[in-house]
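I have placed the structure first, in the form of structure tokens, so that the comments after it can refer back to it.
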Amino acid sequence: MCMNLRRFCSCGRNSAYLSCRDNLLPAEILVNLFCPECRPGSIIEATMLADCGWVLEYDVDRAQSYFTIRGIRSQATPAFIFDAGYLSWQGLAPGDQEVNTRLHQRLAPLIEQDLALYLQSLRSEWIAHAARLKAAGWRKAQAT
Ligand SMILES: [Zn+2]
């Protein structure tokens with residue numbers, strides 16, 4: 001299981017929240033996670049995917065065997081694993097879980113004052129956040 005998995009990068013200075021669609025791939029399929037401070041100088045496209053300075057390195061051969069067993073016909077490329085959500089950011093970017101928590105904490109006082117405004121504010125602030133991520137070039141945000 002790797003629901004709500006938090007993973008530190010290779011240098012340990014940053015972390016990302018990850019999600020695993022259908023819990024199909026075990027977390028160790030993500031062999032390495034690099035933040036913008038510890039990312040390698042060059043990307044090996046066969047096994048790595050870069051997203052706004054972060055780099056995810058997958059064990060694509062093992063991922064392929066999981067896909068084959070489960071009847072998923074797509075080739076286990078880093079792009080497919082990431083875009084299909086099998087081992088990808090939770091939310092749209094590595095820090096989204098914390099952004100979401102802070103947003104809920106900040107708006108919480110509104111719950112008792114004006115629930116409709118609370119829900120509307122949650123929604124509009126999250127949409128604005130997603131738009132900022134999209135403008136910054138985050139891969140998952142491009143689909144929003
Ligand atoms: Zn790092």
Side-chain angles (χ1 to χ4, degrees), residues 1-111 115 117-144:
M1 296 283 275
C2 67
M3 300 283 278
N4 301 336
L5 176 81
R6 187 180 183 200
R7 173 86 172 254
F8 280 86
C9 66
S10 192
C11 75
R13 277 176 286 195
N14 291 291
S15 64
Y17 287 90
L18 303 165
S19 72
C20 307
R21 177 177 165 190
D22 303 333
N23 285 310
L24 192 139
L25 296 179
E28 61 267 24
I29 294 290
L30 185 63
V31 183
N32 279 304
L33 176 67
F34 303 100
C35 78
E37 295 168 59
C38 62
R39 60 173 296 168
S42 60
I43 302 297
I44 301 164
E45 299 214 343
T47 57
M48 294 178 176
L49 182 131
D51 192 19
C52 281
W54 287 75
V55 175
L56 303 96
E57 182 182 3
Y58 297 105
D59 184 339
V60 289
D61 293 335
R62 274 191 69 202
Q64 185 68 67
S65 53
Y66 279 96
F67 286 160
T68 303
I69 289 165
R70 295 288 286 267
I72 293 165
R73 294 187 181 184
S74 302
Q75 201 195 338
T77 61
F80 177 74
I81 295 168
F82 184 90
D83 293 338
Y86 286 112
L87 199 40
S88 188
W89 310 134
Q90 191 181 336
L92 302 172
D96 261 12
Q97 182 68 12
E98 278 163 359
V99 171
N100 196 29
T101 302
R102 280 202 305 273
L103 178 62
H104 278 80
Q105 283 169 349
R106 185 158 54 79
L107 296 178
L110 270 180
I111 294 175
L115 186 60
L117 179 61
Y118 167 76
L119 295 172
Q120 187 195 326
S121 302
L122 265 187
R123 187 175 146 74
S124 61
E125 293 218 20
W126 190 257
I127 288 170
H129 169 69
R132 284 193 295 274
L133 293 177
K134 185 172 187 171
W138 289 95
R139 187 175 175 107
K140 284 180 83 178
Q142 302 311 308
T144 62

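Order of appearance sets the numbers: ligands from 1, and atoms from 1 within every ligand.
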Quiz item: Looking at side-chain heavy atoms only, is the closest gap between Tyr58 and Leu87 below 4.5 Å?
Solution: yes

Quiz item: Under a 4.5 Å cut-off applied to non-hydrogen side-chain atoms, are Arg139 and Asp83 in contact?
Solution: yes

Practice problem: Classify the side-chain pair Asn100/His129 by whether it contains a donor and acceptor separated by less than 3.5 Å. | Solution: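 The answer is no; no qualifying pair exists.
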
Quiz item: With distance as the sole criterion, is a donor-acceptor pair present between the side chains of Asp51 and Trp89 under 3.5 Å?
Solution: yes

Quiz item: Would you say Ile44 has more than 12 foreign heavy atoms packed within less than 6.0 Å of its CD1?
Solution: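 Open: at most 12 neighbouring heavy atoms sit under 6.0 Å from CD1 of Ile44.
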
Quiz item: Around Gln142, counting heavy atoms of other residues, nucleotides and ligands shown, do more than 12 lie under 6.0 Å from its CD?
Solution: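 Correct, the count exceeds 12.
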
Quiz item: In total, how many protein N/O/S atoms does one find closer than 2.8 Å to the Zn ion (ligand 1)?
Solution: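 For the Zn ion (ligand 1), the figure is 4.
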
